[in-house]
*Asks:* 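One structure, as structure tokens, below. Some questions next.
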Amino acid sequence: MSINPIEIHGNWNHGFVLDKHVVSSTPIGENVYGRMQYETVRTELGELVYQLKYRGRYECINSILALISPFLDSIKEQWAVDVIIPIPASKQRDIQPVHELAHAIAQYLRVDYFDEVLEKTSSTASKDMDKSSKTLKGNIVAKIKAQREHNILLIDDLFQSGETLKECVSVLREDEMLKQIYVLVMTKTR
């Protein structure tokens, strides 16, 4: 059991993706509706995130925590996180996988968790936008401001283009009480 953290750079102070999502994906032919099917091999963390996000297997959160806990322990002192916030979801679900995961990480690190700070005002995911006009500007808003100085750790499950993270950080930077913004994403798609 291991992960392969990858540092990611952006408008945040420090950030990591903990592993790749997919090791390989081989086309195996079309289904009866003409859609190409793939045999996909995921990293261990990638498979757990896939099962959590797309199969609703919330019991995978415990396995994810067990896998990433050494990394969480290593950053705990360095980052001095006060609050964990999940990236707002694009797709409405009764239970949001990234919120459940962020809450579990907050409990592990013994820090506050808030899922009502950021809100996505559009249901269009960054990955579904036209590449030439891809911008989330104005699609994410801060619903509340802090009352005291603090450091935030943003949690996301999948890193694709990084556009959602960048917009969330831009919005959060408008809060004068925010000192440091850290980013932790479970897996990277490309």
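As the structure is a computational prediction, the values presented were derived from the model and not from experiment. Numbers here simply count residues along the sequence, with the first being 1.
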*Asks:* Between the side chains of Asp175 and Lys145, is the shortest nitrogen-to-carboxylate-oxygen separation below 4.0 Å, so that they form an ion pair?
*Replies:*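 Here Lys145 does not pair with Asp175 in a salt bridge, since their nearest N and O are not under 4.0 Å apart.
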*Asks:* Please name all residues satisfying ring pair (Phe, Tyr, Trp, His ring centres under 6.0 Å) with Tyr113, sequence neighbours left out, ordered by chain then number.
*Replies:* His103
*Asks:* So among Ile84, Leu184, Val169, Val185, which one has a side-chain contact (heavy atoms from CB on, under 4.5 Å) with Leu154?
*Replies:*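 With Leu154 as partner, Ile84, Leu184, Val169, Val185 yield a single side-chain contact (heavy atoms from CB on, under 4.5 Å), made by Val169.
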*Asks:* Hey, does Asn151 have a side-chain heavy atom less than 4.5 Å from the side chain of Val83?
*Replies:*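 No - every pair of side-chain heavy atoms lies 4.5 Å or more apart.
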*Asks:* Kindly say whether Asn139 contributes a backbone atom to a donor-acceptor pair with the side chain of Thr121 at under 3.5 angstrom?
*Replies:*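 It does hold such a pair.
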*Asks:* Whether the Asp73 and Tyr108 side chains hold a donor-acceptor pair (N or O, under 3.5 Å, no angle test) is what I'd like checked.
*Replies:* yes
*Asks:* Could you go through residues 13-20 and list every donor-acceptor pair under 3.5 Å that involves a side-chain atom there, pairing it with any protein atom two or more places apart or in another chain?
*Replies:*
residue : atom : partner : partner atom : Å
Asn13   : OD1  : Arg173  : NH2          : 3.2
Asn13   : OD1  : Ile181  : N            : 2.7
Asn13   : ND2  : Gln180  : OE1          : 3.0

*Asks:* Who else is in Tyr33's hydrophobic cluster (ILVMFWY, side-chain heavy atoms under 4.5 Å, direct or via others)?
*Replies:*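 Its cluster mates, by chain and number, are Val32.
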*Asks:* Of Leu45, Leu158, Thr40, Thr43, which meets side-chain contact (heavy atoms from CB on, under 4.5 Å) against His21?
*Replies:*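 With His21 as partner, side-chain contact (heavy atoms from CB on, under 4.5 Å) holds for just one option, Leu158.
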*Asks:* Look at the side chain of Gln37 and the backbone N and O of Arg35, then say whether any donor-acceptor pair between them is shorter than 3.5 Å.
*Replies:*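 Pair found, side chain donor or acceptor close to backbone of Arg35.
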*Asks:* Can Thr164 and Asp156 be counted as having a side-chain donor-acceptor contact under 3.5 angstrom?
*Replies:*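 Asp156 and Thr164 do not have a side-chain donor-acceptor pair below 3.5 Å.
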*Asks:* For Glu100 and Gln96, which I'm curious about, is there any donor-acceptor pair between the side chains at under 3.5 Å?
*Replies:*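 No, no side-chain donor-acceptor pair sits under 3.5 Å.
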*Asks:* Looking only at heavy atoms, which two atoms of Ser90 and Lys120 are closest? And how far apart?
*Replies:* OG-NZ, 2.7 Å
